[in-house]
Each structure stands twice: as C-alpha cells, then as structure tokens.
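Structure first, then comments.
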Amino acid sequence: MSEPRDYGFETLAVHAGAAPDPVTGARAVPIYQTTSYVFDDVDQAASLFNLQQFGYIYSRLTNPTVAVLEERMAALEGGTGACATASGHAAQVVAFFNLLRPGDHLVASQKLYGGSINQMTHSYPQFGWQVTLVDPRDPENFRRATTERTKAYFIESASNPDGIVADIQRIADIAHEFGIPLVVDNTLPSPYLCQPFRWGADIVVHSLTKYLGGQGNSIGGVVVEAGRFDWFQNDKFPLMTEPCASYHGLRFAETFGTFAFTVRAKVMGLRDLGPCLSPMNAFLILQGIETLPLRMDRIVENADRVAEFLDSHPLVRWVSYPRLPKNRTPELEKYCPRGVGGVFTFGVKGGYEMGVKVVDHCELLSHVANIGDTRSLIIHPASTTHRQLTPEQQKAAGAGPEVVRLSIGIETVDDIIADLDRALHRAAKETGVLVTSS
Ligand SMILES: *Cc1c(COP(=O)(O)O)cnc(C)c1O
C-alpha cells in the first residue's frame, strides 16, 4: 500500500505492509521460511553488510514475512519503524539495549506484568542496569526517582493484571523535561484501544503473544518507535549518537534519523543478542492482527458483562475491572475510552485456598499462564505467574493471595458467566466459605 496513513485502523490491520506477491500473485503474505538470501555479487553483499543499502542478508536480522509484520505494527501504532522480536520480553531487552550502558538507570512502574518485574529486578542488574520501581498513580514519583544516570521511563499503558491506566501524557512530559524517552508496554489495550504515541510516548513495546496474535498459538514481540525523539539534545545516548565501532564508525541517529532506533534494534540488538522472530510465527501473528478490531470489540463487551456479574456475586469481595462505574478514572476516559481489553482481577472471599479452588473448578475457562486469547482464561497469580515475587511485591502488583485473574475471550458470554458461577459455588462448598450478601 502506498500511503498507509490515509487508511482507517481496520483497513491497516488487514493490509498495512502487505502487497500481492510480485512473482506468484499470492494474496496472503507468503511465509519466507529461509535463513539467508542470495547476493547479486560481492559488491552488493559488501554494501548490505555496511548498511549502505537495505536488503536481506540473514533471517536473524531481517526476513520478508517478518518485515510485513513490522510495517503493519508501525502503521497501527502510528510510528516510523518497528523491530519484531522472539517474545515480548525480548522486545523489552532489545529496546533498553539501545539506551542503557552498565551503570545506567531506569525508572519503571511497579504496576507491571510479574514477568517484567522479574526481568527488571533480577536480570537487568546482570547487565549493570539499575531499576527503580515506583507507583505510577502519582506521575511525580517518576521525577523523584530520576538520577543523573536515568536513561528512560517504563510503564504499561494499562497494567497487567489490574488494568490501571497510567497518565501517559504527564509521565511523557516529565521524561522529556529530563531529556529521556518514555517507553510504553501497550500489550494490554493493544493499539486498537490505546495509542501511546498520540500522548507523547517515544517507544512502544508489545507482547504480540497476547491480543495481537490473539489465538494463543505463537510467542512474539515488537519494538515500535515514534520517530520524534531528539537523540542529540544531550549527551545521554552515546549508543545512538556516537560512532559505532562495529559499523566502521557509523552514527545511528545521524545516518538513520527518524528510524534510527529501529535500525539499531535490528543491527545491534537482533544481530548480537539474537532474539529474532521466526517467519512462521510472524505469519500466524499477522493472521491474528487482521481480526484485532473485531475481537477487541467483542472482548470488551463480554468483559463488561462478566465484571458486572462478579461485582454483584456474594462470593466475590471486589472486582478490579476499570470500566465498572465505581472504578472509572480520568485516565481511563482519556487514554482508553473504548476499554482496556478483557484482562482483570477479582478478589474472592476465603483467600488463597478459595482462589486456587475456583480456578480448579472452571470447565470452560482454561487454567493457563496466558492472556489475550479468543478463549477465556483464568489463573491464580499468587500461586503461579507472581509466585517468585515477595508478598509485598505481589500486593503492589495487584496479585495478593485472594486475587484471581481473568482474560475474557469471545465465547457466548452467558456460558462464561455460568462457568464462573458454578466454580465459585463449588469452591465455597469445599472450603466452607459462607455465601452471604455483601
Ligand atoms: C506477556 C506480557 C509480556 C511478556 O511477553 P512474552 O511474549 O510472554 O515474552 C510483557 N508485558 C505484558 C504486559 C505481558 O502481558
């Protein structure tokens, strides 16, 4: 497509980055299941390796099927470029690999996916990257935690699992006062429901594994750049601005301008760390993206109904769903007016044991460590995804002992509700929790 920005979101979700195959006319995106690409001659090979010419060398760096996915994600987020990765976690590492050197510092929200908290607090220190976690509900916490060595802020647009929507614009403004970029994990709402670049974010990362792929069959991730950040405004980003020894002294920001972050993510991040996305997974995720708008509308509709049902259930203490009238915040209305997806938590009466049993007794809902599927999913975070965290960290992340996490799918909503109701009553019977109102 020649000028993708002219089209609506639904059109981009189906078409952006793709064209009929010029050789065969194939309408679906071909799966280029190849490791490498024949060079025209030695000179062409040399100019590809020198980054003087764009083209395909080796699928650890670039692949035509993966490139369609990257263009589509850049179009959906309104960015200038994207780098697909093997997983959402790999996207985070590749993004920070462009920004941080040993001794550098990151201020991150404490309302993050449990795996991200693990990654940042346990593994980033191995690279010499220091992380401070702050409560994102007061944006000033980011300013207070900023040091001389802080090179980025990191938030989830809507947090996994409790759907707290961050004040993206305020946090971006504070980041820019310090001359550093805001990196946003936009996995939960997906670009259909939230577009962080509209509010000043500089880099977006995704786990494509969730709503974008949408059918629970492939792990993937992506880094997208807005193309607006001025790397030369200070001396904080030598990786972007200073000569790169491994490319004959090339300076990424100078040579590649508005898509320099993406180029560096591929030619340094993917080249040297190695977490490339396979062409097969790129193809499967592209299939998912085509129906993203349809699925998200249905998922939000179903989640609204399930949350309402649970909120009036005698065995449920509280429901975190951000669209319940009593939970609505100005941030929700501003950044995610049409919903944040179908992931939310609720607290059962009877604590840890009751939470585990509710999960056990569900029959339609699958007990899995995933979200964003067509199927409805359930898990007890304290005994699974958030198990490695301390009790204090679990509570701060919205994953205390009584918490059950749902990811509502696209099934008939009455069936989802009936399954949860049956599981709650069976669990109460076994644990001796009394059914009382309030
Ligand atoms: C799942 C998830 C990740 C990690 O993505 P993977 O594809 O599992 O590596 C990161 N952030 C959020 C919000 C997630 O839900």
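Every number for a ligand or one of its atoms is a count from 1 in the order of the listing. FYI, side chains are in, hydrogens and waters are out, and symmetry mates aren't considered; it's all heavy atoms of this structure. All residue numbers in this chain count up from 1 along the given sequence.
Atom 11 (N) of ligand 1 has as its closest protein heavy atom D185 OD2, 2.6 Å. The nearest protein atom to atom 14 (C) of ligand 1, hydrogens excluded, is given as K210 NZ, 2.9 Å; this is a heavy-atom distance. Among all non-hydrogen protein atoms, the one lying nearest atom 6 (P) of ligand 1 is G88 N, 3.4 Å.
Of all atoms in ligand 1, numbered sequentially from 1 with element shown, those under 4.0 Å from a heavy atom of G220 are 7 (O). Near Q92, with a cut-off below 4.0 Å to any heavy atom, the atoms of ligand 1 are 10 (C), 11 (N). Within the listing of ligand 1, atoms 4 (C), 5 (O), 6 (P), 9 (O) sit less than 4.0 angstrom from a heavy atom of H89.
The residues D21 and R27 are annotated as not salt-bridged, no charged nitrogen and carboxylate oxygen being separated by less than 4.0 angstrom. Comment: K210 does not engage D373 in a salt bridge, judged by the lack of any side-chain N to carboxylate O separation of less than 4.0 angstrom. Between D162 and R405 there is no salt bridge, since no side-chain nitrogen of the basic residue lies less than 4.0 Å from a carboxylate oxygen of the acidic one. Using a 4.0 Å cut-off between charged side-chain N and carboxylate O, E331 and R170 make no salt bridge. A salt bridge does not link K349 to E402: none of the charged nitrogens lies less than 4.0 Å from a carboxylate oxygen.
Screening K236, K151, Q130 against D104 for a side chain to side chain donor-acceptor pair (under 3.5 Å) leaves a single residue, K151.
Taken from CD1 in I289 to CG in L208, the straight-line distance is 6.0 Å, to the nearest 0.5 Å.
Not a single heavy atom of H206 sits closer than 4.0 Å to an atom of ligand 1. Ligand 1 is never approached by G372 to a heavy-atom distance shorter than 4.0 Å. Not close to ligand 1: L188, with no non-hydrogen atom less than 4.0 angstrom away.
Checking only distances, Y113 never comes within under 3.5 Å of ligand 1, N or O to N or O. Inclusion of E156 in the set of residues having an N or O under 3.5 Å from an N or O of ligand 1 is not warranted. In terms of N/O distances under 3.5 Å, ligand 1 is not approached by I371.
By the 30° and 60° cut-offs, the orientation of the rings of F9 relative to Y192 is tilted.
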